[in-house]
Amino acid sequence: METLSHLAHGFSVAFTPVNLMWCLLGTTLGTAIGVLPGLGPALTIALLLPITYQVAPEASFILFAGIYYGAMYGGSTTSILLNTPGESATIVTALEGNRMARSGRGGAALATSAIGSFVAGTLGTLGVAFLAPVVVKFALSFGPAEYFSLMVLAFITVSAVLGSSSVRGLTSLFVGFVIGMIGVDLQTGQPRFTFGMSQLLDGVDVIVVAVGLFAVGETFYMASRRYAGKDEIVPLKGSLYMTAAEWARSWKAWLRGALLGFPIGALPAGGAEIPTFLSYAIEKKLSKHKEEFGTVGAIEGVAGPEAANNASAAGVLVPMLTLGLPTSATAAIMLSAFQSYGINPGPMLFMTQANLVWGLIASLFIANIILVILNLPLIGLWVRLLKIPAPQLYAGILVFATVGTYGISQSPTDLVILYLLGGAGFLMRRFDFPTAPVIIGMILWPLAETQFRRAMTISNGDWSVFYKHPLSLTLLTLAFIGLIGPHIYAYVERRRLRGPEHVPGDA
């Protein structure tokens, strides 16, 4: 009942005309961005971060959440009609969705994607509303040692999940650590990594880093690949309505995908890639139409993964709001927006910023309804966005990034840092180093360092504080397993596939 009363208060915040306008703007912009291949919610929110200096926090986060949900919806359009996933989470949608489009069933694929996204997004948002307060009560039992151990677990798992290899992910994380240490050490008052430049005494603004790595770096990367190949848009055929048989095959997949995506997305090592692939595998195994998979396209192979994708997007908000731990690139950018307002997500956020948190959660329900209205009738409009000339699109992104960054502090130094980081972001994408761990490391390292120092001060320099507390020991053990577990599994798999070794002289 307490959660329901908080939700009612959240709807009173979200239903104000100004916040409804921000929600509509966010969902529309998010859908458009999701449709355009190569662009995603992380890049868009990074580009819009400078508005946090101009508008109220409730409005900013309602806008960002609308972009986040909208891009999840819009990404399916590109995957189905163009066979070009905008994000890694929509790769699975392209497997069956594009085959359905090529066999003349693109309308049904888009419909099951949109309705499944609505169902899963609504269930996931309910999960955020009812699960987050439970996590908050659990998090209040954390001391400095437990928080440091939790952040170590987040560093290890997120870097391993977001990168193609744990080494690349941890390397990117270390770069974030270094950037996060630039400036004056708050405990000793000594400058670190400033190279004698007074402009760096306050550190590097997280917005400059986010815009440089995601907006500028990603734009450079997309421009460099412009002539790599030409994508063919499959014309939309048939009705956007599903038949009774298609409804019967879809609704169970929606529920299974939602129930799979939300809990995995809510884990500190969550994300959307794992639940979407698992959902696809489950639907393929349970389907009575296995012959359609990989041939003409099976509707369950679109419905389940799309639901898992949107439910996990909601799940990602749980650790971000309750523990201050981002588990995706978009969550990392949103966490930097909290910091620009001087707000620290964590257990106390639900008490100190009730209007913000519950207004944000309520706006997610509204965004889901708006997105169904936007996606089904206006699909023809979104497809036309794919015809925007690439040079104008890339130039527009760079102009917005430059003007927005300069508007933060009117500092030419920020522009130099912006484009240096943009070049670094391009090289990281080119050589397959994930950029999200850089932001995560930059934001969380100062907090982890503070908690580490507090724990050592309380224990008078005794390192055993990290393994004498049962919860802290459990978290560090999980982090160790997360670091070496994949390598052990890969070694065992190689030995299994190699088979028993032949000993000379045996019959």
Side-chain angles (χ1 to χ4, degrees), residues 72-73 75-121 123-124 231-265 270-313 315 375-376 379 489-490 493 496-497 499:
M72 295 294 124
Y73 274 68
S76 61
T77 302
T78 311
S79 297
I80 291 168
L81 297 183
L82 199 60
N83 199 27
T84 304
E87 287 203 328
S88 56
T90 56
I91 290 173
V92 183
T93 304
L95 293 178
E96 300 301 320
N98 188 250
R99 289 189 173 95
M100 287 183 68
R102 290 181 183 278
S103 61
R105 297 157 60 217
L110 289 167
T112 193
S113 170
I115 299 170
S117 296
F118 168 75
V119 171
L123 292 175
D231 298 307
E232 176 196 357
I233 302 175
V234 180
L236 188 60
K237 299 176 185 176
S239 170
L240 278 172
Y241 297 101
M242 294 190 293
T243 64
E246 287 168 338
W247 273 95
R249 291 174 60 180
S250 294
W251 72 268
K252 291 180 183 178
W254 295 334
L255 295 179
R256 283 192 292 262
L259 294 176
L260 188 66
F262 179 77
I264 294 178
E273 294 83 1
I274 296 172
T276 52
F277 278 99
L278 281 176
S279 175
Y280 181 76
I282 290 171
E283 296 308 324
K284 190 172 182 179
K285 189 170 186 63
L286 295 179
S287 176
K288 296 177 182 177
H289 305 272
K290 292 183 174 61
E291 71 283 354
E292 293 184 4
F293 282 84
T295 53
V296 296
I299 197 167
E300 301 97 323
V302 178
E306 269 300 297
N309 179 19
N310 282 266
S312 67
N375 272 265
L376 288 177
I379 189 65
Y489 177 76
E493 280 295 296
R496 185 180 66 81
L497 293 173

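Heavy-atom contacts from other residues, nucleotides or ligands closer than 6.0 Å to NZ of Lys290 number more than 12.
Here the straight-line distance linking atom CD1 of Ile115 with atom CD of Glu246 works out to 10.5 Å at 0.5 Å rounding. Atom-to-atom distance recorded for Ser117:OG and Asn309:CG is 7.0 Å, nearest 0.5 angstrom. To the nearest 0.5 Å, atoms CG (Leu110) and OG1 (Thr93) are separated by 10.5 Å.
Sorted by first and then second residue, the pairs that involve residues 282-304 and meet ring-ring contact (aromatic ring centres under 6.0 Å, His included), not counting sequence neighbours, are Tyr280-Phe293.
Side chains of Trp254 and Thr112: a donor-acceptor N/O pair is present below 3.5 angstrom, by distance only.
Considering every non-hydrogen atom in both Met100 and Ala108, the closest pair reads CE-CB, 4.2 Å. When all heavy atoms of Ala109 and Gly97 are compared, the closest pair comes out as CB-O, 4.3 Å. Nearest heavy atom pair, residue Gly261 against residue Pro275, reads CA-CB, 3.7 Å. The two residues Val302 and Ser113 come nearest to each other via the heavy atoms CG1-CB, 4.2 Å. Closest approach of Glu283 and Gly304 over heavy atoms only: CG-CA, 4.3 Å.
Partners of Arg249 under the side chain to side chain donor-acceptor pair (under 3.5 Å) rule, at least two apart in sequence or in another chain, are Glu292, Glu300. In this view, Glu96 satisfies the salt bridge (charged side-chain N to carboxylate O under 4.0 Å, His left out) rule with no residue, not counting sequence neighbours. Partners of Leu255 under the side-chain contact (heavy atoms from CB on, under 4.5 Å) rule, at least two apart in sequence or in another chain, are Val119, Leu123, Trp251. Ala311 meets the side-chain contact (heavy atoms from CB on, under 4.5 Å) test with Ala120, Ala258, Phe262; sequence neighbours excluded.
Using a distance-only test at 3.5 Å, with no hydrogens or angles considered, no donor-acceptor pair links the side chain of Ser287 to the main chain of Lys284.
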Q: List the steps, then state whether side chain to side chain contact (heavy atoms under 4.5 Å, CB included) holds for Thr276 with Glu306.
A: CA-CA 7 Å; Thr276 52; Glu306 269 300 297; over 6 Å; no
